[in-house]
Amino acid sequence: MGSMTDIMKMIPGLSKALPKDISIDEKDVSRVEAIICSMTKRERERPEILNGSRRKRISLGSGTQVADVNRLVKQFESSRQMMKSLGGMKKGRFPKLPMGWGGDAGAAHCVAGDVWFCFS
């Protein structure tokens, strides 16, 4: 089917929003997948229950570092907050972007429908 970058360019509307030189590291995608697959269903539904010992178990199960798990949880929480603020756009108000979401030089933040894709 192709690389993740090629697949994202096939999504209607997203191909125009993506920068021309974007590349998605397949290792990062597989690392995120391993972390999520190492979580229980309850942890995936309610990431706020992730304490230190759970994060350590997830990192051991996914073959990553605890810092990688922390980074993913933090990114998820900021995406969740962004989605909540975007819910008000339907009513005509423009959301305030959280710190670091407004044009980082090293990151592309793209919207495809109701899904945020964040690449660093």
Side-chain angles (χ1 to χ4, degrees):
M1 188 174 233
S3 69
M4 183 65 83
T5 306
D6 294 337
I7 293 170
M8 295 203 51
K9 288 180 181 177
M10 288 188 246
I11 298 173
L14 188 58
S15 61
K16 294 177 185 173
L18 288 174
K20 300 285 184 208
D21 59 346
I22 190 167
S23 66
I24 300 168
D25 188 9
E26 301 293 327
K27 290 179 184 177
D28 287 339
V29 174
S30 61
R31 187 176 303 124
V32 168
E33 181 182 9
I35 291 171
I36 293 171
C37 288
S38 296
M39 293 179 182
T40 65
K41 182 179 179 185
R42 185 167 174 230
E43 290 167 342
R44 288 189 296 258
E45 292 171 350
R46 299 184 55 222
E48 63 272 3
I49 66 171
L50 292 175
N51 58 19
S53 62
R54 287 178 185 254
R55 291 174 193 237
K56 184 176 180 180
R57 177 188 47 78
I58 292 166
S59 71
L60 290 172
S62 62
T64 60
Q65 301 292 318
V66 176
D68 296 326
V69 176
N70 291 339
R71 191 176 311 110
L72 179 64
V73 171
K74 185 176 180 180
Q75 183 181 17
F76 175 77
E77 288 300 325
S78 65
S79 296
R80 179 187 271 180
Q81 288 177 346
M82 177 62 68
M83 293 304 294
K84 284 182 181 180
S85 68
L86 285 176
M89 280 184 62
K90 296 173 187 169
K91 298 172 186 158
R93 99 178 154 82
F94 190 79
K96 292 184 179 179
L97 297 176
M99 193 74 148
W101 283 76
D104 275 351
H109 305 287
C110 309
V111 177
D114 290 338
V115 181
W116 276 88
F117 298 95
C118 303
F119 311 103
S120 324

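Bear in mind the structure is a predicted one, so any value in this text is a computation, not a measurement.
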query = Below 4.0 angstrom, N of the basic side chain to O of the carboxylate: do R57 and E43 qualify?
reply = yes

message = Within this structure, what is the OG1-CD1 distance for the pair T64 and I35, rounded to the nearest 0.5 Å?
response = 4.0 Å

query = Rounded to the nearest 0.5 Å, how far apart are CG of N51 and NZ of K56?
reply = 12.0 Å

query = Distance-only, no hydrogens or angles: does the D28 side chain make a donor-acceptor pair with backbone N or O of D25 under 3.5 Å?
reply = no

ask   = For the hydrophobic clusters of this structure (ILVMFWY residues joined by side-chain heavy atoms under 4.5 Å, transitively), does one cluster hold both V32 and M83?
value = no

query = Looking at residues at least two apart in the chain, or sitting in another chain, which of them share a salt bridge (charged side-chain N to carboxylate O under 4.0 Å, His left out) with E26?
reply = none

task = Say whether F76 and M39 are linked into one hydrophobic cluster, either directly or through other cluster members, by side-chain heavy-atom distances under 4.5 angstrom.
result = no

Result of checking R54, R42, R80 against P47 for side chain to side chain contact (heavy atoms under 4.5 Å, CB included) = R80

Interatomic distance, L60 atom CG to R55 atom CZ [nearest 0.5 angstrom] = 14.5 Å

note = d(R44 CZ, I58 CD1) to nearest 0.5 Å is 9.5 Å

message = Take a 6.0 Å sphere around CD of E33 and say whether it holds more than 12 heavy atoms from other residues, nucleotides or ligands.
response = no

task = Report the C-alpha separation of E45 and T40 in whole Å, then their side-chain angles, then the decisive distance to 0.1 Å, and conclude whether the side-chain contact (heavy atoms from CB on, under 4.5 Å) test is met.
result = CA-CA 9 Å; E45 292 171 350; T40 65; over 6 Å; no

inquiry  = For S38, is there any backbone N or O sitting under 3.5 Å from a side-chain donor or acceptor partner on S62?
reply    = no

ask   = Of the non-hydrogen atoms in R71 and D68, which two are nearest, and what is the gap between them?
value = NH1-OD1, 2.8 Å

inquiry  = Is the shortest side-chain heavy-atom distance between N70 and L50 below 4.5 Å?
reply    = no

